[in-house]
There are 2 protein chains.
Amino acid sequence: MTEYPDNLDSPVLEPPSSREKILEVAEALFAANGYSGVGMRQIASAVELGKSSLFHHFPSKLDLYGEVLDRVLERLEVALGEDDEVRGRVTERLEHWIESAVATMAEDPPAARLLLRSLVDEEPFPPLELAPAGREALPFERRLDRVINRFRALLEEGISEGVFRTVSIGDAIQTVIGVIVFHFASGDLGETLIGEEIFSGVAVERRRREVSEFIRRGLMA
Amino acid sequence: MTEYPDNLDSPVLEPPSSREKILEVAEALFAANGYSGVGMRQIASAVELGKSSLFHHFPSKLDLYGEVLDRVLERLEVALGEDDEVRGRVTERLEHWIESAVATMAEDPPAARLLLRSLVDEEPFPPLELAPAGREALPFERRLDRVINRFRALLEEGISEGVFRTVSIGDAIQTVIGVIVFHFASGDLGETLIGEEIFSGVAVERRRREVSEFIRRGLMA
DNA sequence: GTCTATACGATGATAGAC
DNA sequence: GTCTATCATCGTATAGAC
């Protein structure tokens, strides 16, 4: 019988490794309760492992959290990066950008909350400016920079072409982040407001339409 | 000599009580680091008091946090309540609503972050639906309900008058919250994006204009 | 009202057996 | 790779002197 190596990137057959299970569970817990609101014991019992086994896979809680954040931003960067291959008018690229961002938040429920935390919390990673002796940027921070700069370039292009209004670019970026990320991070409040589960197919599709129309109207000259 | 009682609500003369100092410091710390990211020792040393003195003013950390949240939402409710006396067309009342909300977030820097946390965190107050044995709504939760319901009524009125588009009301509320609250909660990222201090006079005034125009365009029929 | 002293569970992290 | 045992530290909260 022929032997088939099992490292062929076949996600169907491979059972998830402990490492992946830990990352998944930690993502959900950190999203709900924040960095210091979740203990290593709590994560360990959720993945049905001893607490010490976590420290075998991740040298510290800080490393685990950093990797959870980076995974989320990696998915976002990849999804938005594919859009860069779309070479249409700015309006079409804006549309694709919004679509991909909404889809990414919708596919992984904890993502929006974690993203929001990475932007708002001073803990456990304080803002680079306030950091003692100017620490280097973490992987997830560099990914965020790249994503934002790509969107900024899109806005500048649209404005210089006269397709978009001459909005304050910084404010426009803030607005778009707020509109897309907060919704999927709002959990209970969001469900109460829209009257159904936030991550259901119809709710996500409606959100995409509403956000797209809102931003289009806000930006168009 | 005539005796003047000192409980005349004269904020100029009264030195702030320990209680007020604690609430102010705790507001800033909880905003930056979240509920479980701040310890009572930390708060105590920041107000230059012994740790045990905090428990004299507040029976528990949970009570302190609840009161901090309620104070923030009280300021918001009061500011927006004054708008209800404006009896103009829906467009004018929407304008006043946005203006008041932005002004409230701008006047108290930690406010937006705390508000965001109260909407996103499951800790320390889990969503009412998930709570064991259906706990009663906390003061700050009731205030939030009132504020949102007033805004919902404004939207419904505008739509039924044909002044606003027939947007999804729940999504529109989410959008407005995201646009207004996230900006003032984003701290370091926001400052990098707009290139100056978020809470400076010019930045706040520009934000008000941008948000107002964005929402107006998004809602108008 | 503020303090010192104390209680005791939970925290992140390490050492070493299997 | 997973476990048990252990450590120092920090968490909230209380008791009681002044």
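Just so we're on the same page: letters track the sequence lines, and every chain starts at 1.
- Checked for salt-bridge contact, A:E99 and A:R209 miss the test: no charged N lies under 4.0 Å from a carboxylate O.
- Between A:R117 and B:D121 a salt bridge is recorded (basic side-chain N to carboxylate O distance below 4.0 Å).
- A parallel orientation is assigned to the rings of B:Y35 and B:F30, their planes being inclined by less than 30° (bins at 30° and 60°).
- Heavy-atom contacts of chain B under 4.0 Å fall on DNA chain D between two terminal nucleotides, which in 5' to 3' order are D:dG11 to D:dA15.
- In this model, no donor atom of one side chain and acceptor atom of the other lie less than 3.5 Å apart for A:T175 and B:E210.
- With B:E205 contributing its side chain and B:V202 its backbone, the two residues share no donor-acceptor pair below 3.5 Å.
- With hydrogens and angles left out, the side-chain atoms of B:E123 and B:S36 include a donor and acceptor closer than 3.5 Å.
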- Task: Give the B/S/- string for nucleotides 7-14 of chain C, one per nucleotide from 5' to 3', where a protein heavy atom under 4.0 Å of the base yields B, of only the sugar-phosphate yields S, and otherwise -.
- Result: ----BBBB
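- Listed by first and then second residue, the salt bridge (Lys or Arg N to Asp or Glu O under 4.0 Å) pairs involving residues 25-46 of chain A are A:E27-A:R71, A:E27-A:R75 (not counting sequence neighbours).
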